[in-house]
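Scroll down for the structure; my scribbles are underneath it.
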Amino acid sequence: MSSTEGLISHLPNDIGGKDADAINMEEHSMLPWEKRCHALLDVLATHQIVNTEEKRRGVENLGSEIIGNLTYYERWIVSAVNIMLEKRILTPDQIAYKTKEIADRKKNMCSLLTTLPFVD
Amino acid sequence: MNVEGLGVDLAKSSSPAFLVNDLVKIKNKTPVGHYRTPFYVRGKTGRIERILDEFINPEEEAYGKNVGSKVRLYRVSFAQQELWPEYHSASLDQLQIEISEHWLEPA
Amino acid sequence: MTVPDHHDHDHAHPGVTKDEEPYGYYATLELAVRELLIEAGLITTDEHRRQIEILDSRSPVLGAKVVARAWTDPEFKKRLLADGSAACEELGITMYDGAHLIVHENTDQVHNMVVCTLCSCYPRPVLGLPPDWYKNKQYRARAVKEPRAVLKEFGTTIPDEVSIHVHDSNANMRYLILPLRPAGTEHLTEEELAGLVTRDAMIGVTVVKSSLVQTNRGQA
């Protein structure tokens, strides 16, 4: 048996029974964008644009390195984007231009806010 | 035939291949791609605890199949010693998990 | 003196608020996707807003209400164990999207606990969103293999003569644990009983205590 076979046949999230450390009880409140992300994925699932199983598969397909370095909702949004690119619902350039547009919008809002006088 | 379970509508769905209390073995197959049958139950023997509805096969649903033929889902119960060799031999602890029909064979 | 309308962030920029500087890579990606899909007519702003409201409306308070009703109404409890979703709908809890809820009852012989080893499947319509520990590796890996050791970490000791049933929520069902009603609560109202029921008891990692002084792990 090839030593790398397990990487292919055994999904990275299939961890039931593996050794692991003590439970970390710390809880973090959901960031606003995380809630928006969760709500978005729910809406996508309702419309079957990205169903729940596709989203899960998309997270698994990210591979161990990305999975290990991204937080829970970061994995969700990247998975959803990949699935929609795969299904040709979005294109890479649409993402590129829209994210730039948003970044520019944020920059303009910031500079506007800093130049305005304080208003009670 | 005595069938127990939640939401089983025999008039619409195909008959379950397994009945409550049947001894079943989880197949040892290794597909490529998405699955929901974890490695820790593969090749293990348990009992049908409950017959559930039919659902789209998640392995196919993950690749875009939203409608179409469905597979029967069951709840299977395992003695913990069956799953983990180091589990206390006198324990009656169990593990229960949902397994699709295409992952089951008679034990 | 007029206030420039640049202060009004609601129009044209759904979801962007100035309290989130810096707006990170992933937050931007989420907004980009959402705006593109809205522009394409595939989803609407209203749907997204409505879903946020739904998420906000859910918390363990709902599950606690179900538990307290089951403790005080034996016929309801029978219906709950037979069909969890239908029984919850009776109490006005919308299950959404045909969610299938199975309720497991803790007894003097059996203690139940729930895990999703593969991801984080959770009975969201009755408990809201899962805690971080439920989604993380340590719980998911160990709860199936060494439930008693895991329970001890939550401060819960189950006697040897009580069996533990671990439920791996790996497919289409969602699970709610009906905890044992603690002794000494016979005089409490249904509302007071609900106030004793914690999220962790409905996941099955703790038990319900008769006193209101409980270990608080930042629960909603």
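Please read these numbers as outputs of a predicted model, since none were measured by experiment. Below, chains carry the letters A, B, ... as their sequence lines are ordered, and counting in each starts from 1.
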About how many Å separate [atom2] of [Y] and [atom1] of [X], when rounded to the nearest 0.5 Å?
X	Y	atom1	atom2	result
Lys152(C)	Ile23(A)	NZ	CD1	14.0 Å
Lys106(A)	Leu31(C)	NZ	CG	9.0 Å
Glu47(C)	Thr46(A)	CD	OG1	7.5 Å
Tyr134(C)	Glu27(A)	OH	CD	13.5 Å

Subject >> Heavy-atom donor-acceptor pair, His48(C) side chain to Arg36(A) backbone, under 3.5 Å >> reply: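 Such a contact is found between His48(C) side chain and Arg36(A) backbone.
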**OP:** Indicate yes or no for a side-chain donor-acceptor contact from Gln51(C) to the backbone of Val43(A) under 3.5 Å, with no hydrogens or angles considered.
**Re:**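 Flag not set: sc Gln51(C) to bb Val43(A) has no pair under 3.5 Å.
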Tell me, for [X] versus chain C, whether the close heavy atoms (under 4.5 Å) come from the side chain, the backbone, both or neither.
X	answer
Leu11(A)	neither
Glu60(A)	neither
Thr52(A)	neither
His47(A)	side chain
Leu70(A)	side chain
Ile95(A)	both

Subject >> Proximity breakdown for Glu53(C) and chain A, heavy-atom pairs closer than 4.5 Å >> reply: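 Looking at Glu53(C), nothing touches chain A.
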Original post:
Which region of Ile54(C), side chain (C-beta onward) or backbone (N, CA, C, O), has a non-hydrogen atom less than 4.5 Å from a non-hydrogen atom of chain A, or is it both or neither?
Top reply: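 Interface part for Ile54(C): neither.
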Could you tell me whether [X] atom [atom1] has more than 12 heavy atoms of other residues or ligands within 6.0 Å of it?
X	atom1	answer
Lys100(A)	NZ	no
Glu26(A)	CD	no
Asp104(A)	CG	yes
Tyr97(A)	OH	no
Glu39(C)	CD	yes

Closest contact, heavy atoms only, [X] versus [Y]:
X	Y	value
Arg56(A)	Cys121(C)	NH2-SG, 3.2 Å
Trp33(A)	Glu30(C)	CE3-CB, 4.2 Å
Val33(C)	Leu40(A)	CG1-CD2, 3.9 Å
Trp133(C)	Asn24(A)	CB-O, 3.4 Å
Arg142(C)	Lys18(A)	CG-O, 4.3 Å
Leu55(C)	Lys35(A)	CD1-O, 4.0 Å

Original post:
With chain A, which of Asn170(C), Asp168(C), Leu129(C) has the greatest number of heavy-atom pairs at distances under 4.5 Å?
Top reply: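 It is Leu129(C).
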Original post:
chain C: which of Ala45(A), Ser29(A), Ala22(A) shares the most heavy-atom pairs with it under 4.5 Å?
Top reply: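 Result: the option with the highest number of such pairs is Ala22(A).
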Original post:
Any idea which of Asn13(A), Asp14(A), Val59(A) has the most non-hydrogen atom pairs under 4.5 angstrom with chain C?
Top reply: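 Greatest number of close heavy-atom pairs with chain C: Asn13(A).
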Subject >> Steps toward side-chain contact (heavy atoms from CB on, under 4.5 Å) verdict (Ile89(A), Leu36(C)) >> reply: CA-CA 10 Å; Ile89(A) 292 169; Leu36(C) 287 167; over 6 Å; no
Side chains of [X] and [Y]: does their closest heavy-atom pair fall under 4.5 Å?
X	Y	value
Arg124(C)	His38(A)	yes
Glu74(A)	Leu29(C)	no
Tyr26(C)	Glu34(A)	no

Subject >> Sorted by number, residues from residues 109-120 of chain C in contact with chain A (heavy atoms, under 4.5 Å) >> reply: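 Residues of residues 109-120 of chain C touching chain A at under 4.5 Å: Thr117(C), Leu118(C), Cys119(C), Ser120(C).
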Subject >> Asp21(A) with Lys137(C): basic N within carboxylate O range, under 4.0 Å >> reply: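 No, Asp21(A) and Lys137(C) are not salt-bridged.
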**OP:** For side-chain contact (heavy atoms from CB on, under 4.5 Å), just list the numbers for Leu37(C) and Met84(A), CA-CA rounded to whole Å, side-chain angles, deciding distance to a tenth of an Å, and then say yes or no.
**Re:** CA-CA 10 Å; Leu37(C) 293 173; Met84(A) 286 185 281; 3.9 Å; yes
